[in-house]
**Q** 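Can you keep this structure in mind? I'll have questions shortly.
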Amino acid sequence: MTTQTRLAPLLLAATAVGFAATPIQADSSPDEAVKVQLQDYKATMQAFGKTLKGELQAAMKEGGPMAAIQVCNERAPEIAANMSAESGYTLRRTSLKPRATAPTDWERAVLEDFESRKASGTPVAEIAWHNVTKVDGEKQLRFMKAIGTEGVCLNCHGQNLDPKLKAEIDRLYPNDQATGFEKGDIRGAFSITAALED
Ligand code: HEC
């Protein structure tokens with residue numbers, strides 16, 4: 001082995017250290033980047049929630065829960081997909097007791113943490129979480145926010161569902177776990193992920 005080849009790994013290591021210094025120096029700006037991107041996440045999430053709830057309430061008023069089920073079944077995934085395409089974020093809703101969308105491992109861990117925060121008295125409306133994680137060398141900003149159960153939700157997520165409605169839910173979702181909720185429970189959470197733009 002020549003001296004040159006023996007030195008090569010050392011030089012590479014030194015270069016890597018040099019590069020590593022860049023993000024460390026810029027440490028205050030990633031914080032700012034997280035703040036800015038989180039604000040955009042929250043706006044996207046609120047728009048999603050508002051659109052969905054608006055369509056749900058309109059359908060409930062017009063045709064009751066049997067008609068509204070179509071909004072949840074078809075429009076909810078559509079709205080999420082459209083908003084994901086527009087924003088470039090991965091936007092979804094999930095739950096520990098899912099009807100359609102089971103959580104990933106990290107989403108499950110966050111949802112379990114949400115349950116313990118609620119159990120120790122934190123109001124559901126205030127329960128949210130975010131972190132920055134490196135996935136395949138890319139920094140991602142993950143964000144989740146708890147969704148509370150309201151009176152109107154009990155039609156389709158409550159304890160004693162109308163038998164016709166229950167049959168339709170079972171037909172559409174043979175593995176449904178999303179019943180038996182009470183008002184004030186955590187029904188699930190919004191989840192948003194994207195590369196961190198810093
Ligand atoms: C008319 C029936 C109906 C009503 C009312 C309803 N949902 Fe749902 N919900 C559904 C259906 C159907 C799905 C599955 C949607 C899909 O296929 O993506 C669902 C899915 C969800 C999910 C996604 C996680 C999962 O379990 O797959 C959340 C969160 C959720 N609903 C919360 C709510 C909340 C909060 C309310 C009240 C504001 C509500 N729902 C009212 C029928 C309903």
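Each ligand, and each atom within it, is numbered from 1 in the order the structure gives. It should be emphasised that the depicted structure is a prediction, and the values quoted were computed from it without experimental measurement.
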**Q** Is there a polar contact, in the sense of an N or O pair closer than 3.5 Å, between T94 and ligand 1?
**A** no
**Q** Could you tell me the separation between the CG atom of L96 and the OG1 atom of T94, rounded to the nearest 0.5 Å?
**A** 8.0 Å
**Q** Are side-chain heavy atoms of C156 and I169 found at a separation under 4.5 Å?
**A** yes
**Q** Using a strict 4.0 Å cut-off to heavy atoms of P77, name the atoms of ligand 1 that fall inside it.
**A** 18 (O)
**Q** Look at atom 15 (C) of ligand 1 and say which protein heavy atom is nearest, naming residue and atom and giving the distance to 0.1 Å.
**A** C72 O, 3.1 Å
**Q** Is V152 reachable from L154 through a run of I, L, V, M, F, W or Y residues, each pair having side-chain heavy atoms under 4.5 Å apart?
**A**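 In one cluster: no.
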**Q** Specify side chain, backbone, both or neither for A76, according to which of its non-hydrogen atoms lie closer than 4.0 Å to ligand 1.
**A**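 For A76, there is no contact with ligand 1 at all, from either part.
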**Q** Which of the numbered atoms in ligand 1 are under 4.0 angstrom from any heavy atom belonging to I69?
**A**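 Selected atoms, number and element: 1 (C).
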**Q** Does D176 use its side chain to pair, donor to acceptor, with the backbone of A178 at less than 3.5 Å?
**A** yes
**Q** Determine whether more than 12 heavy atoms belonging to other residues, nucleotides or ligands lie under 6.0 Å from atom CD of E138.
**A**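 For E138, atom CD is crowded (more than 12 foreign heavy atoms under 6.0 Å).
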**Q** Are K166 and D170 ion-paired here, with the side-chain N under 4.0 Å from a carboxylate O?
**A** yes
**Q** Examine distances only and state if a side-chain atom of E182 and a backbone atom of T149 form a donor-acceptor pair shorter than 3.5 Å.
**A** no
**Q** Looking only at protein heavy atoms, which one is nearest to atom 14 (C) of ligand 1, and how far off is it?
**A** Y173 OH, 3.3 Å
**Q** Look at atom CD of E115 and say whether more than 12 heavy atoms of other residues, nucleotides or ligands are closer to it than 6.0 Å.
**A** yes
**Q** Mark the output for G148 as yes if a heavy-atom distance to ligand 1 is under 4.0 Å, and as no if none is.
**A**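 Contact check G148 vs ligand 1: positive.
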**Q** Are any of the N/O atoms in T101 less than 3.5 Å from those in ligand 1?
**A** yes
**Q** Look at the N, O or S atoms of C156, main chain and side chain alike, and state whether any lies under 2.8 Å from atom 8 (Fe) of ligand 1.
**A** no
**Q** Looking at atom 27 (O) of ligand 1, what's its closest protein heavy atom, distance included?
**A**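 It is A100 N, 2.7 Å.
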**Q** Indicate whether the side chain of T101 and that of R93 have a donor and an acceptor atom separated by less than 3.5 Å.
**A**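 Distance-only check fails for T101 and R93.
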**Q** Specify the protein heavy atom at minimum distance from atom 20 (C) of ligand 1: its residue, its atom name, and the distance to 0.1 Å.
**A** R93 NH2, 3.4 Å
**Q** What protein heavy atom is closest to atom 29 (C) of ligand 1, reported as residue, atom name and distance in Å?
**A** I147 CD1, 3.8 Å
**Q** Does R99, backbone or side chain, put an N or O under 3.5 Å from an N or O of ligand 1?
**A**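 Indeed, backbone or side chain, R99 has an N or O that close.
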**Q** Please report which non-hydrogen protein atom sits nearest to atom 32 (C) of ligand 1, along with the residue it belongs to and the distance in Å to one decimal place.
**A**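 Checked against all protein heavy atoms, atom 32 (C) of ligand 1 sits closest to R187 CG, 3.2 Å.
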**Q** Look at the aromatic rings of Y41 and F143 and report parallel, tilted or perpendicular, splitting at 30° and 60°.
**A** tilted
**Q** Which residue and atom name correspond to the protein heavy atom nearest atom 37 (C) of ligand 1, and how close is it?
**A**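 Result: C153 SG, 1.8 Å.
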**Q** Quick one: does R92's side chain get under 4.5 Å of T104's, heavy atoms only?
**A** yes
**Q** What protein heavy atom sits nearest atom 7 (N) of ligand 1, and how far away is it?
**A**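 Protein heavy atom with the smallest distance to atom 7 (N) of ligand 1: H157 NE2, 2.9 Å.
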**Q** With heavy atoms of P65 as the reference, note each atom of ligand 1 found under 4.0 Å away.
**A** 1 (C)
